[in-house]
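First up is the structure itself, then whatever we jot down about it.
First the proteins, then the strands, lettered A, B, ... as listed; each starts at 1.
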Number of protein chains: 2
Amino acid sequence: MRNQEKDYSGVSVQALWRLPYYLNYIKSLDEAKYSCISAPIIAKALNLNEVQVRKDLAAVSNSGGKPKTGYVAKELISDLEEFLGYNSVDEAILVGVGHLGKALLSYQGFENCGLNILMGFDKDEAIIGTNVCGKQILPLDKLKDLCWRMSVNVGIITVPAKEAQMICDMLVEAGIRAIWNFAPVHLHVPDYVLVQNENLAASLAVLSKNLTESLKEK
Amino acid sequence: MRNQEKDYSGVSVQALWRLPYYLNYIKSLDEAKYSCISAPIIAKALNLNEVQVRKDLAAVSNSGGKPKTGYVAKELISDLEEFLGYNSVDEAILVGVGHLGKALLSYQGFENCGLNILMGFDKDEAIIGTNVCGKQILPLDKLKDLCWRMSVNVGIITVPAKEAQMICDMLVEAGIRAIWNFAPVHLHVPDYVLVQNENLAASLAVLSKNLTESLKEK
DNA sequence: ATTAAATCGATAACAAAGTATCGATATAGA
DNA sequence: TCTATATCGATACTTTGTTATCGATTTAAT
């Protein structure tokens, strides 16, 4: 469910997943000590293959790396951020202000990644009109109009599984072009709408399966 | 960062990610109407290839499917649940009771997936001693002892990136065998410890990259 | 009872992703 | 200045995962 997207700009989907880790790692380094950083070092730090790292970076880096020294850390950071779209901000709205919804509304880190969650929507009268981290919670019937007016491109779904498809339809109706779906269901959308699934249950399944096998081994 | 695990029991990691979607979909069907379910129907519903579905199910199903009718829905459900380990419960603890931590502690759905989060840990005096959904929040210095005594296998990390490695080390020290890591960093662990990364920033990067490309196209 | 249609499972072809190798090149140290 | 070495980038190879094809089988309809 994760790998259905085509590869754009010569970067495979899997590579795309690795890029934020590169960015993160390079940013975490002491600038003075590591003005340059090489593929082998990154590979070792992140438990990856050296060639793989080099290939991934080749697709992203504008200036390329130099033999013996590697890539200029500062340039690589900005190339990665540029490539990942952290510089251009996407406006988003979130539907379903439960525990998870609130957590996402409150999370400050998204803004560094180019995502700005403008507001939340819910059907529960009790929380409509309240604030979460300065973000207003509005009723669902305001959704369509607001999305159009503010040209919101991204919708985040954090409602229960049963309601997800209905909300999804509303979002499509409202002109949303990309959906970040936290409900554990497959959503049906028109071709021009992207869906990125964040299925905790599936993730957990992978973890638990591996754990079982790992415990069996010993 | 998602595909580093080996494939166990003849199921690739990618296939493993699809299984919960199958389970979910089959469960959502009207039992009376669909006592049997075929690979082509599942494939169509989830936008997958028919052969792929059949292959995935072949690895999971004990009784197999019959020509013309497909698989017996009830059996397939229990085979999937068995395979995914939803029947055998893993005990878990969570470290970092912020917004996300609270959301995970509150989420009821994990118990159906074989995960039981026993309690939370945090360093913040203000929340130590409180409850989240009936789960106690304890100080970090109690962690090791409690994990040993209750033979907890799974640790969930929802602390900020900077503290993640330190918490990770504590968990390893406490005998944890699998870590579900929500911090956007690569964790260093001994060979026998599993790490499953849940990197929202990375996920967002993929979404935003695809969105940019998709908007460019038109 | 016989035939037609749908599905399964297996095998084979194909595509994508990851890894190893090799020559070229820039830097650090002798 | 010259040489040794680390790293890059490109190409080739290997592995893994996906998709197409084909015969076998079961059911439903004639």
Side-chain angles (χ1 to χ4, degrees), chain A residues 1-19 21-22 26 29 33-73 75-76 79 202 206 209-210, chain B residues 1-19 21-22 26 33-73 75-76 79 202 206 210:
Chain A
M1 262 26 201
R2 261 184 198 271
N3 300 357
Q4 40 186 295
E5 290 94 16
K6 294 286 172 311
D7 66 305
Y8 298 109
S9 329
V11 179
S12 74
V13 182
Q14 339 252 13
L16 196 43
W17 275 93
R18 288 188 292 266
L19 297 184
Y21 283 91
Y22 298 152
I26 300 165
L29 296 173
K33 222 173 156 188
Y34 292 89
S35 61
C36 282
I37 181 85
S38 72
I41 291 179
I42 298 174
K44 195 166 280 180
L46 301 183
N47 252 311
L48 297 170
N49 179 287
E50 168 192 334
V51 181
Q52 185 171 55
V53 174
R54 205 173 289 132
K55 230 176 167 183
D56 290 347
L57 294 182
V60 169
S61 169
N62 290 124
S63 38
K66 276 192 210 164
K68 191 88 181 181
T69 52
Y71 305 82
V72 179
E75 287 178 15
L76 197 49
D79 286 346
V206 175
K209 184 72 196 167
N210 285 328
Chain B
M1 262 23 203
R2 256 173 206 278
N3 301 356
Q4 42 185 290
E5 289 94 15
K6 294 283 171 311
D7 66 305
Y8 298 110
S9 330
V11 178
S12 73
V13 182
Q14 342 250 19
L16 197 43
W17 274 93
R18 288 188 291 266
L19 297 184
Y21 284 90
Y22 299 153
I26 300 166
K33 224 174 155 187
Y34 291 90
S35 61
C36 283
I37 181 83
S38 72
I41 291 179
I42 297 174
K44 194 167 282 179
L46 302 182
N47 252 312
L48 297 170
N49 180 286
E50 170 192 332
V51 181
Q52 186 171 55
V53 174
R54 205 173 289 131
K55 228 175 166 184
D56 290 347
L57 294 183
V60 170
S61 169
N62 290 122
S63 39
K66 274 192 211 163
K68 190 85 181 186
T69 52
Y71 305 81
V72 179
E75 287 179 15
L76 198 47
D79 286 345
V206 175
N210 285 328

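In this structure, B/L16 atom CG and D/dT18 atom C1' are separated by 17 Å, rounded to whole Å. Rounded to an integer number of Å, the gap from A/I41 CD1 to D/dC8 C1' is 14 Å. Rounding to whole angstrom units, CG of residue B/L57 and C1' of C/dA10 are separated by 16 Å. The CG atom of B/N49 sits 5 Å away from the P atom of D/dT19 (whole-angstrom rounding). Taking atom CD of residue B/Q14 and atom C1' of nucleotide D/dT16, one finds them 8 Å apart after rounding to whole Å. Atom CG in A/D56 sits about 11 Å away from atom P in C/dT19, given to the nearest Å. A/R54 has its CZ atom 6 Å from the C1' atom of D/dT7, to the nearest Å. Straight-line distance from the NZ atom of A/K55 to the C1' atom of C/dA16: 10 Å, rounded to whole Å.
Side chain of B/P67, nearest nucleotide from C/dT25, D/dT25, C/dG18: D/dT25. Closest contact between the side chain of A/P40 and the listed nucleotides D/dC8, C/dT19, D/dT25 involves D/dC8. Closest to the B/Y71 side chain, of the nucleotides D/dT26, C/dG9, D/dT19, is C/dG9. The side chain of A/V51 has C/dA20 as its nearest neighbour among C/dA20, D/dT19, D/dT7.
A heavy-atom distance below 4.5 Å is not found between the side chains of A/Y71 and A/V60. Side-chain contact between B/P40 and B/R54 is present, with heavy atoms from C-beta onward closer than 4.5 Å.
Judged by distance alone, with hydrogens and angles left aside, the side-chain atoms of B/D79 form a donor-acceptor pair with the main-chain N or O of B/N62 at under 3.5 Å.
Using a 4.0 Å heavy-atom distance criterion, B/A15 is classed as making no nucleic acid contact.
Contact detail for B/Y34 and B/A73: the closest heavy-atom pair is O-CB, 3.5 Å.
For D/dT7, one of the phosphate oxygens OP1 or OP2 lies less than 4.0 angstrom from a side-chain nitrogen or oxygen of A/S38. Listed pair B/K66 / D/dT27 meets the phosphate criterion, a side-chain N or O lying under 4.0 Å from OP1 or OP2.
A donor-acceptor contact under 3.5 Å links the side chain of A/K68 to the base of D/dT5.
Comparing A/Q52 and B/E50 by the nucleotide of DNA chain C whose heavy atom lies nearest to each, the residue mapping closer to the 5' end is B/E50.
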Evaluation steps, side chain to side chain contact (heavy atoms under 4.5 Å, CB included), between A/L57 and A/I42 | CA-CA 11 Å; A/L57 294 182; A/I42 298 174; 4.0 Å; yes
